[in-house]
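Report on the following structure.
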Amino acid sequence: MSTDFLPFTRPAIDEETIAAVAEVLRSGWLTTGPKAKEFEAALSAHCGGRPVRAFNSGTITMETALRLANIGPGDEVITTPLSWVATASVILNVGATPVFVDIDPLTRNIDLEGVEAAVTPKTRAIIPVDLAGLPVDRDRLYAIAGKHRLRVIEDAAQAFGASWHGKPIGSTGDFVSFSFHPNKNITTGEGGALVLPTDIDPTLCERLRLQGVRRFGEDGMDVDVLGGKANLTDIAAVIGLGQLKHLEEFTARRRILARRYFDLLDRRLGCELPPEDFENSNWHMFQVLLPACYDRGQFIAAMRERGIGIGVHYPAMHLFTLYRKLGYKEGDFPHAERVGASTVTLPLFPAMADSDVARVCQAIREVITSR
Ligand SMILES: Cc1ncc(COP(=O)(O)O)c(C=O)c1O
């Protein structure tokens with residue numbers, strides 16, 4: 001059994017991809033070019049042929065989707081407090097109001113019954129998050145969105161490679177946003193992609209991505225909309241292309257490792273396990289909730305002493321200062337608060353050995369029982 005430090009995640013980049021990056025570097029064309037186009041085409045193929053545009057993050061993708069949907073000041077957007085802060089900050093960035101709804105304690109994703117109850121005349125959209133790669137129930141989500149005529153911006157940052165009853169996440173639905181941050185199941189170093197619905201003009205999406213610029217003829221240029229600077233470089237795109245080749249193998253390996261955690265984790269320790277979903281989830285993360293009253297900081301430190309990295313994804317966002325200033329407080333979302341305070345992310349990445357899972361489970365047993 002290895003005793004090297006085991007991080008909670010680590011990207012797997014093959015030599016072919018490293019060589020492809022070197023080739024781009026030598027080519028003389030580093031920014032958005034043929035490789036970014038090729039990456040978009042490959043992503044589109046993964047998403048059932050839907051239009052996909054690549055960006056330099058999975059944050060700006062969501063902000064762009066909100067802009068494309070004309071959501072701004074005076075509008076409310078419903079989302080979960082249990083996510084990476086980007087999910088809600090994009091709502092504030094377009095001048096709209098985030099409305100948090102508590103999670104379902106079993107899935108740890110937004111509680112769709114709560115979503116329906118939170119709809120007001122000002123509600124324009126829902127941003128659901130597939131936490132840890134476990135998809136939100138798409139059937140119920142779109143039934144609610146359809147009933148109340150709401151847009152959906154799927155924050156599928158963690159769900160690339162996941163599916164909903166056999167259909168890849170991204171191949172159906174309204175806007176779908178992916179992140180290719182290095183912790184994600186496939187990476188571009190940093191980057192993201194936005195899948196577009198049929199009523200949205202992909203060229204407008206492209207203009208919002210790059211300074212609003214529209215070119216025509218040999219030398220024509222116009223700017224008719226305020227755009228940003230969010231294009232993906234060819235250097236990043238070629239990493240994504242190399243990663244895509246391994247998607248199935250990465251997801252399969254993650255599933256095997258997750259299954260092994262279920263087999264080896266000692267249930268008597270009182271940790272709460274994630275839902276055992278081996279149909280839809282891409283097992284982006286394996287998260288357990290520590291037994292009530294167990295000090296998470298001590299747990300992380302004790303695991304580190306044993307050479308094991310533990311992540312925290314995420315503290316409930318509404319308790320951050322920025323959101324307290326909007327009026328949110330303790331007790332507003334008890335499930336998200338409990339999960340946010342007790343969740344730990346165990347090591348899970350494709351290059352992990354089966355014996356690493358045994359090592360993590362043994363360390364957890366030692367740490368929890370020695371308290
Ligand atoms: C749930 C969720 N939403 C949004 C993001 C933002 O993605 P990025 O870091 O690529 O901007 C991330 C990842 O970091 C995420 O995990």
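Whatever order the structure lists them in is the order used to number ligands and atoms, beginning at 1.
For K329 and E337, the salt-bridge test fails: no basic side-chain N is under 4.0 Å from an acidic carboxylate O. Taking 4.0 Å as the cut-off between side-chain N and carboxylate O, R67 and E63 count as a salt-bridged pair. Note on E272 versus R338: salt bridge recorded, some NZ/NE/NH1/NH2 to OD/OE distance being below 4.0 Å.
Residues satisfying the side-chain hydrogen bond (donor to acceptor under 3.5 Å, both in side chains) test with R268, not counting sequence neighbours, are D266.
Annotation: ring pair (Phe, Tyr, Trp, His ring centres under 6.0 Å) contacts involving residues 232-260, sequence neighbours excluded, comprise H246-F250. Screening residues 98-135 for ring pair (Phe, Tyr, Trp, His ring centres under 6.0 Å) gives F100-Y323, F100-Y328 as the qualifying pairs, with residues at least two apart or on separate chains.
For ligand 1, the protein residues within 4.0 angstrom (heavy atoms only) are S57, G58, T59, M62, S83, W84, A86, T87, V129, D155, A157, Q158, S179, K184, G191, Y314.
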